[in-house]
Trainee: 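What follows is a single structure, and I will ask about it in a moment.
Indexing begins at 1, ligand by ligand and atom by atom, following the structure's order. Any value given below was found using the heavy atoms of this structure, including those in side chains, with hydrogens, waters and symmetry copies removed. Counting from 1, the numbers follow the sequence of the chain as shown.
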Amino acid sequence: MLKTGKIYGINGPVVYLKGNTGFRMAEMVYVGRQKLVGEVIALDKDRTTVQVYEETTGLRPGEEVVASGSAVSVTLAPGILNNIFDGIERPLERIAESAGAFITRGVSVDSLDRQKKWKAHITVEKGQYLHGGDIIAEVPETRAIIHKCMVPPDVEGTVVETVPDGTYTIDESLVVLKLSDGTERKLTMTQHWPIRTARPCHHRFPVSVPLVTGQRIIDTMFPIAKGGTAAIPGGFGTGKTMTQHQIAKWADADIIIYIGCGERGNEMTQVLEEFSELMDPRSGQPLMDRTTLIANTSNMPVAAREASIYTGLTLAEYYRDMGYDVAIMADSTSRWAEALRELSGRLEEMPAEEGFPAYLASRLSAFYERAGMMHNLNGTNGSVTIIGAVSPQGGDFSEPVTQNTKRFVRCFWGLDKSLAYARHFPAIHWLTSYSEYLGDLSPWYRDNVSPQFVEYRNRLMALLNQESSLLEIVKLIGSDVLPDDQKLVLEIARVIRLGFLQQNAFHQEDTCVSMEKQFLMMDIILYLYKLARTLVSMGHPMSVLKEEKIFDKIIAIKYDVPNDQLEMFAQYRRDIDAFYQRVLEKNA
Ligand SMILES: Nc1ncnc2c1ncn2[C@@H]1O[C@H](COP(=O)(O)OP(=O)(O)OP(=O)(O)O)[C@@H](O)[C@H]1O
Ligand SMILES: [Mg+2]
């Protein structure tokens, strides 16, 4: 018999039930006549508090609340990819079909298609002893991804029955296990997992491989590791969404989970349209084949927004368990924090900084904590990388969400308003951003790109830092009085900013750049600097060097050298040599 309770108070998404209902914490419940989905968030001797994931308009005291007997969970099975869900894993397209509108209330639809038959190849045999996490079947989920059906983490036993390879629905039994207590357990393609609990793994290991995004300021300057965490804070219109889209499109992750959290609805529609047209450059297949979108836009209920983050994490961990590298984009974690604030206010909890609940920091920490490079229960390795956008009011990074996020991420890509105004994109500021992964990833760069990679990167950074202090002086006394070697630093820093850091997401060649080209670009800039510095030290004035237009020619490399014609760099080297000779001869 399912436990029930009666509503006596309603405050927005929060509903109170009288008396001891016998419900459990975090249990999923169905609220009222419309059976709205909710979750138990507080239990007292004489009161049970439920947060409702749907609009509560029209709900009345006296209506019944029915317990479901299990925690708020997601359904894990083939069909997750190339799909779009709301914050509690209800497929938006199916909701639209069954209810007509974009989203209505209380429509009980299945998370995944239960009629569809999937082609399954069974990978285990009778008599085999299986542990939690072991792979029992492989199902081509999309053209790009093989779904690995696994034994649920808490189950183990001997295979007593298997089905032949063939097509099955996600509910049909594939393998029967005999458990240690003598009972039998049917395994299907489906698992359920509570969203607020991290899926177990064997152990975590240190990160050592970068998530290559094709974005120079990220890959070269402030890299993120597979299994790492990063925040993209930035004021209104500075490029948070755009940066996340670029990473989602180009990063070398196997799976992308994109959580649109509290952002404008039309932005999410745009993601949908854009992503469904895009082809994955690596597989030549549609990008959606390896992507799942979770949309909880600003017009959808706040409680579901709060949950959407955990739903996304759980889906990501599930694919990680199969041995995939998964990247999560959350846009924006500030809207999620605002949902926490709203719910906390409704619960009349004591507010801390700027009205956010005192547990804001621990929630943020728990979120980023679920990232990592893992050795899975089944012996495979997989990773979850988390990239969260933060939208501080007025771009002021001293507010609580940005500050607390900074404590838990190791990579900080600070977007800058003045760069965005100047249309320097990506507007990631090289002086405020950092990556603590550089040391962990150095061996990878050394072995996979070039032994000089990190040294070159550090030299570019040093030039940019020098530029920043020189600009302070220029502000006071003008640039004319600077000695030529310092003028050269300013000129080279300009080449680095415009030719290397600035990257045009709308340009076919520039939108994504290989590590090799990124290195060759650094190499050619530093080569130009070396020869120019020799000329300056011999007394040739900067005014003469600048006449040559070589600096602008190097800036244009990002457009002029296609990604597949890197041999062209040799010609640029000869051009720099020729420039050097000409200046020498001019002043001979
Ligand atoms: N890498 C880029 N290349 C070219 N243009 C860019 C790039 N990044 C951002 N932009 C420009 O900046 C605009 C705003 O970017 P975006 O929507 O990503 O900002 P946002 O920080 O998400 O804004 P909001 O605070 O409104 O969510 C884009 O429409 C685009 O014109
Ligand atoms: Mg945005």
Trainee: Could you tell me the residue and atom name of the protein heavy atom closest to atom 27 (O) of ligand 1, and the distance to it rounded to 0.1 Å?
Mentor: E263 OE1, 3.4 Å
Trainee: Starting from atom 19 (O) of ligand 1, what is the nearest protein heavy atom, named by residue and atom, and what distance separates them?
Mentor: G239 N, 3.0 Å
Trainee: In the protein, what heavy atom is nearest to atom 17 (O) of ligand 1, and what distance, to one decimal place, separates them?
Mentor: T241 CB, 4.1 Å
Trainee: With a 3.5 Å cut-off and no angle check, do the side chains of E55 and T57 form a donor-acceptor pair?
Mentor: yes
Trainee: Has K240 got a side-chain atom pairing as donor or acceptor with G234's backbone, closer than 3.5 angstrom?
Mentor: yes
Trainee: Answer yes if a protein heavy atom lies under 4.0 Å from atom 29 (O) of ligand 1, otherwise answer no.
Mentor: no
Trainee: Looking only at the side chains, is there a donor atom on one of E89 and T311 sitting less than 3.5 Å from an acceptor on the other?
Mentor: no
Trainee: So which heavy atom in the protein is nearest atom 26 (O) of ligand 1, and how far is it from that ligand atom?
Mentor: R264 NH2, 3.2 Å
Trainee: Between the side chains of Q246 and T213, is a donor N or O closer than 3.5 angstrom to an acceptor N or O?
Mentor: no
Trainee: My understanding is that we take every heavy atom of each candidate and find the minimum distance to atom 25 (O) of ligand 1. Doing that for M242, H507, Q503, K240, which one comes out nearest?
Mentor: K240
Trainee: Closer than 3.5 angstrom, by distance alone: can the side chain of Q215 be matched with the main-chain N or O of I247 as a donor-acceptor pair?
Mentor: no
Trainee: State the atoms of ligand 1, each with its element, that fall below the 4.0 Å cut-off from a heavy-atom position in F506.
Mentor: 4 (C), 5 (N)
Trainee: Which is closest to atom 13 (C) of ligand 1 in terms of heavy atoms, G237, S391, A427?
Mentor: G237
Trainee: Using a strict cut-off of less than 4.0 Å between a Lys/Arg side-chain nitrogen and an Asp/Glu carboxylate oxygen, indicate whether E306 and R363 qualify as a salt bridge.
Mentor: yes
Trainee: Can you tell me if T241 has an N, O or S atom under 2.8 Å away from the Mg ion (ligand 2)?
Mentor: yes
Trainee: Counting non-hydrogen protein atoms only, what is the nearest one to atom 2 (C) of ligand 1? Give residue, atom name and distance.
Mentor: F425 CB, 3.4 Å
Trainee: With a 4.0 Å cut-off on N to O distance, would you call E491 and K487 a salt bridge?
Mentor: no
Trainee: Below 3.5 Å, N or O to N or O, backbone or side chain included: is there any such pair between T243 and ligand 1?
Mentor: no
Trainee: Quick one: does R423 get a heavy atom under 4.0 Å from ligand 1?
Mentor: yes
Trainee: At a 4.0 Å threshold, what atoms of ligand 1 neighbour a non-hydrogen atom of F236?
Mentor: 25 (O), 26 (O)
Trainee: Is the NZ or CZ atom of R199 positioned over Y318's six-membered ring, under 6.0 angstrom from the centre and within 45° of the axis?
Mentor: no
Trainee: For a quick check under 3.5 Å, do D331 and T241 share a side-chain donor-acceptor pair by atom type?
Mentor: yes
